[in-house]
Amino acid sequence: MDQDHESPNFFAGPYIDRHSDARETPEWRVHAAADPATLYVVASGTTHLVYSEPVPRIAFLQGDHPLVTSASASQLVLLGWFRGARCVLVELDVAGAPALPAGTQFAELRGIASRLPADEAGLLAYARGLSIWRARNRFCGVCGARLLRERAGHVLRCSNAGCAQEAFPRIDPAIIVMVSDGERALLGRQASWPAGRYSTIAGFVEPGESLEDAVVREVAEETGVAVYGIAYHSSQPWPFPASLMVGFRARCARNAAIHVGGELEDARWFTRTEIDAGAAGLPPSHSISYRLIRTWLAGAADAPTDC
């Protein structure tokens with residue numbers, strides 16, 4: 001395996017020991033409170049408490065801080081062990097909450113992710129995904145009864161004893177693919193993106209569909225191009241709100257005609273020279289789409305695909 005494939009994408013990697021067995025301990029909150037090394041990450045909705053100057057970083061709190069002691073048991077989630085210390089998420093209701101520590105503020109991850117230390121960005125991506133799932137699942141989808149938070153916040157169980165269905169964190173798989181016809185890359189853009197930005201083709205996997213089937217379907221729906229030679233590249237958790245981006249490379253016939261459809265405003269072929277010259281504005285550097293494009297740019301011209 002080459003070095004590019006061994007390096008984890010942003011938001012991924014061994015930044016935390018999830019220590020899932022600790023979630024089964026009913027007294028986990030007692031253990032966390034008794035451990036002076038425990039770190040607390042504070043969230044409000046989809047935002048997190050951070051220091052913004054001189055560069056963004058998580059505002060970790062200790063267990064005796066009022067923002068922590070004011071939280072109820074249901075507002076605490078055991079994330080795991082971060083940098084060797086137990087780490088707990090505090091889902092705070094800011095209405096009537098104690099004052100924030102000096103120099104801190106609540107910020108959305110999307111706006112600060114690329115400037116955070118990589119392991120802190122991964123930790124907040126993990127926390128954000130859990131918070132969104134818990135906020136959007138309050139009642140049982142089977143019987144409508146209220147859900148109870150169990151196993152250190154990672155499982156929701158129906159409060160109706162006759163139902164007792166369990167719900168687990170939601171992940172939405174999506175494919176994202178770097179398509180090349182040999183010398184050129186197929187990139188598209190959505191109307192909502194900044195002017196000039198182009199990216200790789202992506203879309204959600206549908207029920208009863210393999211990842212490879214989704215690659216073929218999404219590229220055809222969005223651009224009208226038929227692909228083959230599909231090869232896995234890497235994956236990236238993308239908590240906006242709950243995606244797992246599964247990256248691929250694929251080939252297509254040279255000079256394949258483009259017919260724009262689906263969610264795209266435009267799709268075009270770009271040579272390496274054109275991209276290097278800035279003809280296409282690239283996606284954010286912490287995204288898997290950027291990595292797929294940069295990997296293609298750094299490679300030799302693909303094998304001819306005239307077929």
Side-chain angles (χ1 to χ4, degrees), residues 7-94 97-110 112-135 149-155 168-169 171 236-237 239 286:
S7 174
N9 286 305
F10 203 70
F11 295 141
Y15 60 87
I16 192 167
D17 179 358
R18 296 175 186 257
H19 215 326
S20 58
D21 58 310
R23 303 171 191 168
E24 305 300 323
T25 305
E27 301 81 15
W28 75 267
R29 286 183 295 272
V30 176
H31 298 326
D35 182 358
T38 299
L39 300 175
Y40 291 85
V41 178
V42 180
S44 175
T46 59
T47 65
H48 290 95
L49 190 67
V50 299
Y51 293 104
S52 57
E53 300 295 340
V55 294
R57 66 189 192 281
I58 297 175
F60 291 108
L61 301 183
Q62 302 305 123
D64 59 354
H65 193 281
L67 287 175
V68 177
T69 58
S70 65
S72 67
S74 66
Q75 292 175 299
L76 302 178
V77 183
L78 179 61
L79 297 177
W81 271 249
F82 180 75
R83 296 175 182 169
R86 191 189 324 258
C87 189
V88 176
L89 171 64
V90 181
E91 296 178 329
L92 189 67
D93 181 358
V94 294
L100 302 183
T104 67
Q105 63 180 20
F106 284 102
E108 280 282 357
L109 177 59
R110 190 187 289 271
I112 63 172
S114 62
R115 295 179 290 144
L116 283 167
D119 60 345
E120 293 190 11
L123 181 65
L124 293 190
Y126 171 29
R128 189 180 196 275
L130 281 174
S131 289
I132 291 175
W133 166 68
R134 283 158 56 91
R149 298 174 175 184
E150 296 186 343
R151 298 184 207 173
H154 291 260
V155 175
F168 298 87
I171 299 173
Q236 180 182 40
H286 59 277

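Just so you know, these numbers use all the heavy atoms, side chains as well, and skip hydrogens, waters and symmetry mates. On a predicted model such as this, the values are computed, not experimentally measured, just so you know.
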Trainee: Measure the spacing between CG of L39 and CG of L61 and express it to the nearest 0.5 Å.
Mentor: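 One finds 9.5 Å between CG of L39 and CG of L61.
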Trainee: Quick one: closest heavy-atom pair of A121 and A113, and the distance?
Mentor: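 Taking every non-hydrogen atom into account, CB-O, 4.0 Å.
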Trainee: Between E24 (side chain) and D21 (backbone), is there a donor-acceptor pair under 3.5 Å?
Mentor: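 Answer holds: no.
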Trainee: Just how far is it from atom CG of L78 to atom NE2 of H19, taken to the nearest 0.5 Å?
Mentor: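 Rounded to the nearest 0.5 Å, the CG-NE2 separation comes out at 9.0 Å.
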Trainee: Kindly give the heavy-atom pair with the smallest separation between R29 and A73, and that separation in Å.
Mentor: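 Nearest pair, atom of R29 first, then A73: NE-CB, 3.6 Å.
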Trainee: Fit a plane to each ring of H286 and F11, take the angle between them on a 0 to 90° scale, and name the class: parallel (under 30°), tilted (30 to 60°) or perpendicular (over 60°).
Mentor: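 Judged by the thresholds at 30° and 60°, the geometry between H286 and F11 is perpendicular.
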Trainee: Do T104 side-chain atoms and L100 backbone N/O form a donor-acceptor pair below 3.5 Å?
Mentor: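 A pair under 3.5 Å: no.
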Trainee: Mind listing the closest non-hydrogen atom pair of Q62 and T38 along with its distance?
Mentor: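 Result for this residue pair: NE2-O, 3.6 Å.
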Trainee: Atom CG in L116, atom CZ in F10: separation rounded to 0.5 Å?
Mentor: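 Reported to 0.5 Å precision, the distance equals 6.5 Å.
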Trainee: Could you tell me if the side chain of F82 sits less than 4.5 Å from the side chain of D17, heavy atoms only?
Mentor: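 The answer is no; the side chains never approach within 4.5 Å.
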Trainee: Yes or no on side-chain contact (heavy atoms from CB on, under 4.5 Å) for V41 and V90, after CA distance, side-chain angles and deciding distance?
Mentor: CA-CA 6 Å; V41 178; V90 181; over 6 Å; no
Trainee: State, to 0.1 Å, how close P101 and L67 come at their nearest heavy-atom pair, and which atoms those are.
Mentor: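 Shortest heavy-atom separation between P101 and L67 comes out as CD-CD1, 3.8 Å.
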Trainee: Taking all non-hydrogen atoms of both residues, which atom of A152 and which atom of W28 are closest, and how far apart?
Mentor: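 Here A152 and W28 meet closest at CA-NE1, 3.4 Å.
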Trainee: Between E91 and R149, does at least one N-O distance fall below 4.0 Å, as a salt bridge requires?
Mentor: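 Answer for the salt bridge query: yes.
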Trainee: Quick check: do C87 and L123 have side-chain heavy atoms less than 4.5 Å from each other?
Mentor: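 In short, these two side chains touch, coming nearer than 4.5 Å.
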Trainee: With rounding to the nearest 0.5 angstrom, report the CG to OH distance, L124 to Y15.
Mentor: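 Answer for the CG-OH pair, L124 versus Y15, is 9.5 Å.
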Trainee: Look at the side chain of R86 and the backbone N and O of D35, then say whether any donor-acceptor pair between them is shorter than 3.5 Å.
Mentor: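 Not confirmed, R86 side chain does not pair with D35 backbone.
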Trainee: Would a 4.5 Å heavy-atom cut-off, applied to side chains only, mark E120 and F60 as touching?
Mentor: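 A side-chain contact exists here, since the closest heavy-atom pair is under 4.5 Å.
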Trainee: Nearest 0.5 Å, what's the CG-CZ distance between L79 and R23?
Mentor: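 Interatomic distance, L79 CG to R23 CZ, rounded to 0.5 Å: 9.0 Å.
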Trainee: Please check if any side-chain donor atom of T46 sits under 3.5 Å from a side-chain acceptor atom of E108, or the reverse.
Mentor: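 Side-chain D/A pair, T46 to E108: present.
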Trainee: Short question: side chain of H154, backbone of V77 - any donor-acceptor pair under 3.5 Å?
Mentor: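 No.
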Trainee: Are more than 12 heavy atoms, taken from residues, nucleotides or ligands other than I171, located less than 6.0 Å from that residue's CD1 atom?
Mentor: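 Not more than 12 within 6.0 Å, no.
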Trainee: Identify all side-chain donor-acceptor contacts of residues 47-57 below 3.5 Å with residues at least two apart in sequence or on another chain.
Mentor:
| unit_1 | atom_1 | unit_2 | atom_2 | d |
| --- | --- | --- | --- | --- |
| T47 | OG1 | S44 | O | 2.7 |
| R57 | NH1 | E53 | O | 3.3 |

Trainee: Which pair of non-hydrogen atoms, one from L89 and one from A43, has the smallest distance, and what is that distance?
Mentor: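 Minimum heavy-atom separation between L89 and A43: CD1-CB, 3.8 Å.
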Trainee: Quick one: do W81 and R18 satisfy side-chain contact (heavy atoms from CB on, under 4.5 Å)? Show the steps, please.
Mentor: CA-CA 6 Å; W81 271 249; R18 296 175 186 257; over 6 Å; no
